[in-house]
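One structure is given below, encoded as C-alpha cells.
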Amino acid sequence: MKILVIGSGAREHALVWKLRQSPQVEHVWCAPGSDGIAQMAECVSANLTDVSNVADVAAKLKPDLTVVGPEQPLVLGVSDEFAKRGLSIIGPSQSAAQLEGSKVFAKEFMQRHGIPTASTYGIFDSAVDAYTSLCEVDWPVVVKADGLCGGKGVLVTSSPDEATAFIELLMETKEFGDAGKRVIIEEGLTGPEISYMVLTDGEKFVPLAASRDYKRVFDDDKGPNTGGMGAISSDDLISKEVEKVIQEKVVRPTIAGMARDGKEYKGFLYFGLMMTASGPKVLEFNCRLGDPETEALVMRMNFDLAALLRAAVSGNLEGVATRWDPKVSLSLVLAAEGYPGTPKIGGVISGTREVRDCAIFHAGTSKKEGDEYYVRSGRVLNVAAAADSIVEARAKVYGAAKQIFFEGMHYRKDIGKETASAANRVARP
Ligand code: AMP
C-alpha cells in the first residue's frame, strides 16, 4: 500500500510513524509534512487551503489512499474534490464536516436527533440580543463562536462582564472574522472530559480507545485554552458499561442522524464529551483525529492501522479487529515561550537524539542548515510513551522532557497525574 498523509503536525508525524510499521505499507508521503516528519516519510509540498491543489498532489502521486489530519481541508471540501476525481480518501465530505465547522449546525443537529448536549440559552446573530440574554441565565455559561477559531472560540465563565466582553470580541470587534458572526450561549456543564473517536464508513464504525486531553496551558487546568498540552489513553478512563452508553446514546444516533439528513459521515469522527452526573454530553464534534490524543493512541495500537484505513475506504469495516495494548499511554506537548499567545520562535532545540524509550513527534520545528532543529511554532514537540502504569508512563515521558531543551520551553507537569476513574462513577442517563 502507498499512503498519503495530509498535514504537518505531531498528529500526522504519529500517523506516519504507525503506518510505517505496517508490513503492508510500501511508501508513505506527507503533504506538506515537515523536516521532522521527513525522517520517516517523503514530504511533498501542498497548499492545504486549496483543495484542488491537494487533489492535484494526490493525482500525481497515485497513493492507494489518503488520510487527512487537520480539519481545515475537510471543512473546505477536500473529500468532495477527491471523490470527484475518483481518489480514495479518509475524511468526511464538506457538508458532513460542518459538524466541526459550524457549532450552530452541530447544536441544531444534536437537538433535532436527541443527542445529549448542553442546553442552550440561545443562538444569536445580533450582539445586542446576545448581551440581553445574559440577564436570564444561570451561571456559569459558555459562549461559543459558530466557526473555526483555532481553539480560541469558547469561553466558560461565571462573570457577566467577561461574557459581555467575549461577545463583543466575537461579534463587534470581529476578532475571528465570520467565525464569530453567530454565537451560541449555553449551559455550563461539569464533569470529567473524555475524547472518544471512531472511524466510520457512514453506517458501521470502529471505536478507538478512549483518551483525555488537557486543554488549558497551565497545571491544574489553569490559564487559557490551547490546542492541547498533552493526553492520556487508558482502559481505565471509562468502563465498558460507560463506553456502551456513549456508543448507544451518542455515536450511533450521530452517524444515523447524519445519514438520515442526507449528509452521510465517513471518516474519523471525534466526540468531545463531558461525563456529567446525568450521563455523557457532547461538547463538540471534530471531523478528524484529535491532537494530541492521536500521539497517545498510536502508542497503544497493537493492530495494523493501514489495514484499518483500507477497510474504511472499501466500506468493509465490519469484522475489522483492533487490538489495544492494555498499557497506559501518555503524550506531552513541549511548547514555545508565549504559547498559546504569540510564540517565540527560532530557538535551537537540543537533546531529542538522546531520548530513549519514548517517541518524539515534531509539531512545530524546522531545520535551517545542518542537522539542528529550531522552534517554528507554538506547539514544538510531542513526547509519547506507553507503560504498564500511569506512574511509569509519566516517569518515561517526563524523564525525556528533562533531556530536551530550548529557550523558553514550557510544558504541563500534571498530565495523567490524577487518573480518570471518576468517569466510571457517572450515573447512567
Ligand atoms: P469546545 O471547542 O466546544 O470543545 O470547547 C472547548 C472546551 O470548552 C471544552 O473542552 C470544555 O473544556 C469547555 N466547554 C465547552 N462547552 C462547555 C460546556 N457546555 N460546559 C462546560 N465546559 C464547556
Side-chain angles (χ1 to χ4, degrees), residues 70-72 75 97-111 115-124 133-134 137-159 162-163 166-167 170 175-176 179-180 182-197 210-232 237 246 250 254 269-293 333 340 412 414-415 420 422-423 426:
E71 64 278 12
Q72 195 189 34
V75 171
Q98 286 180 88
L99 274 185
E100 174 165 4
S102 166
K103 287 197 191 287
V104 171
F105 173 91
K107 186 59 84 177
E108 290 175 345
F109 169 81
M110 288 189 276
Q111 288 168 343
I115 294 159
T117 183
S119 53
T120 60
Y121 294 111
I123 295 173
F124 302 98
S133 77
L134 295 176
V137 298
D138 291 327
W139 300 89
V141 299
V142 185
V143 182
K144 295 187 172 183
D146 178 37
L148 298 178
C149 300
K152 294 181 184 161
V154 175
L155 176 76
V156 184
T157 183
S158 291
S159 149
E162 248 180 47
F166 193 61
I167 293 167
L170 296 176
E175 177 80 11
F176 301 107
R182 290 192 291 175
V183 300
I184 301 177
I185 301 184
E186 70 180 31
E187 156 200 32
L189 300 171
T190 50
E193 284 184 46
I194 290 290
S195 304
Y196 195 75
M197 292 173 244
S211 55
R212 163 171 298 163
D213 75 342
Y214 294 70
K215 284 208 169 76
R216 302 291 192 101
V217 67
F218 301 128
D219 284 14
D220 302 319
D221 291 328
K222 302 259 164 52
N225 264 336
T226 69
M229 295 299 288
I232 55 170
L237 274 177
I246 293 171
V250 176
T254 300
L269 178 54
Y270 170 117
F271 301 85
L273 302 172
M274 184 82 90
M275 309 304 287
T276 75
S278 54
K281 295 198 176 176
V282 178
L283 298 176
E284 65 164 339
F285 297 108
N286 290 328
C287 60
R288 35 82 194 172
L289 289 166
D291 186 356
E293 292 96 323
V333 171
R412 276 183 66 155
D414 65 344
I415 307 298
V426 168

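Along the sequence shown, residues carry numbers from 1. One-based numbering, in listed order, for ligands and for the atoms of each.
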Item to complete: Show your reasoning for whether ring-ring contact (aromatic ring centres under 6.0 Å, His included) applies to F285 and Y270.
Response: CA-CA 5 Å; F285 297 108; Y270 170 117; 9.6 Å; no

Discussion item. When you measure from the side chain of E100 to the backbone of C287, do you find a donor-acceptor pair of N or O atoms at a distance under 3.5 Å?
Written reply: yes

Worksheet item: Hey, is K144 close enough to E284 for a salt bridge, meaning N to O under 4.0 Å?
Response: no

Discussion item. What I want to find out is whether E193 reaches R212 closely enough, with some N-O distance under 4.0 Å, to be called a salt bridge.
Written reply: no

Worksheet entry | ligand 1 contact by K103, heavy-atom criterion under 4.0 angstrom | yes

Discussion item. Considering non-hydrogen atoms of the protein only, which is the closest contact for atom 19 (N) of ligand 1, and what is the distance?
Written reply: E186 OE2, 2.8 Å

Worksheet item: Relative to the heavy atoms of A118, which atoms of ligand 1 are at a distance of less than 4.0 Å?
Response: 19 (N)

Discussion item. Are any of the N/O atoms on E284, whether in the backbone or the side chain, positioned under 3.5 angstrom from an N/O atom of ligand 1?
Written reply: yes

Response to the item:
The closest protein heavy-atom partner of atom 5 (O) of ligand 1 is V154 CG2, 3.5 Å

Worksheet item: Evaluating non-hydrogen atoms only, which member of K281, M274, E187, K144 is closest to atom 15 (C) of ligand 1?
Response: K144

Discussion item. Under a 4.0 angstrom heavy-atom cut-off, which atoms of ligand 1 come close to G188?
Written reply: 20 (N)

Practice prompt. Report yes if the side chains of E187 and V142 come closer than 4.5 Å at any heavy-atom pair, otherwise no.
Written response: no

Response to the item:
atom 11 (C) of ligand 1: closest protein heavy atom, distance to 0.1 Å, is E193 OE2, 3.1 Å

Worksheet item: What residue and atom, counting heavy atoms only, is the protein's closest point to atom 17 (C) of ligand 1, and at what distance?
Response: L283 CD2, 3.5 Å

Discussion item. In the structure I gave you, are the side-chain heavy atoms of M110 and P116 within less than 4.5 Å of one another anywhere?
Written reply: no

Item to complete: Answer yes or no: is there a side-chain heavy-atom contact under 4.5 Å between T120 and I185?
Response: no

Item to complete: Look at ligand 1 and say whether G272 reaches it with a heavy atom at a distance under 4.0 Å.
Response: no

Discussion item. Does any part of the side chain of S211, heavy atoms only, come nearer than 4.5 Å to the side chain of M197, both counted from C-beta?
Written reply: yes

Discussion item. Only heavy atoms of K215, strictly under 4.0 Å: list the atoms of ligand 1 that pass.
Written reply: 10 (O)

Fill in: Sub-3.5 Å N/O-N/O distance, L189 and ligand 1
yes

Discussion item. Give me the nearest non-hydrogen protein atom to atom 18 (C) of ligand 1 as residue plus atom name, then the distance to 0.1 Å.
Written reply: V142 CG2, 3.4 Å

Discussion item. Contact between R412 and R216 at the side-chain level, heavy atoms closer than 4.5 Å - yes or no?
Written reply: yes

Item to complete: Could you check D146, I123, V143, V154 and say which one makes a side-chain contact (heavy atoms from CB on, under 4.5 Å) with I184?
Response: I123

Worksheet item: Which heavy atom of the protein is the closest neighbour of atom 7 (C) of ligand 1, given with residue, atom name and distance?
Response: N225 ND2, 4.1 Å

Worksheet item: What is the nearest protein non-hydrogen atom to atom 14 (N) of ligand 1, stated with its residue, atom name and distance?
Response: V156 CG2, 4.0 Å

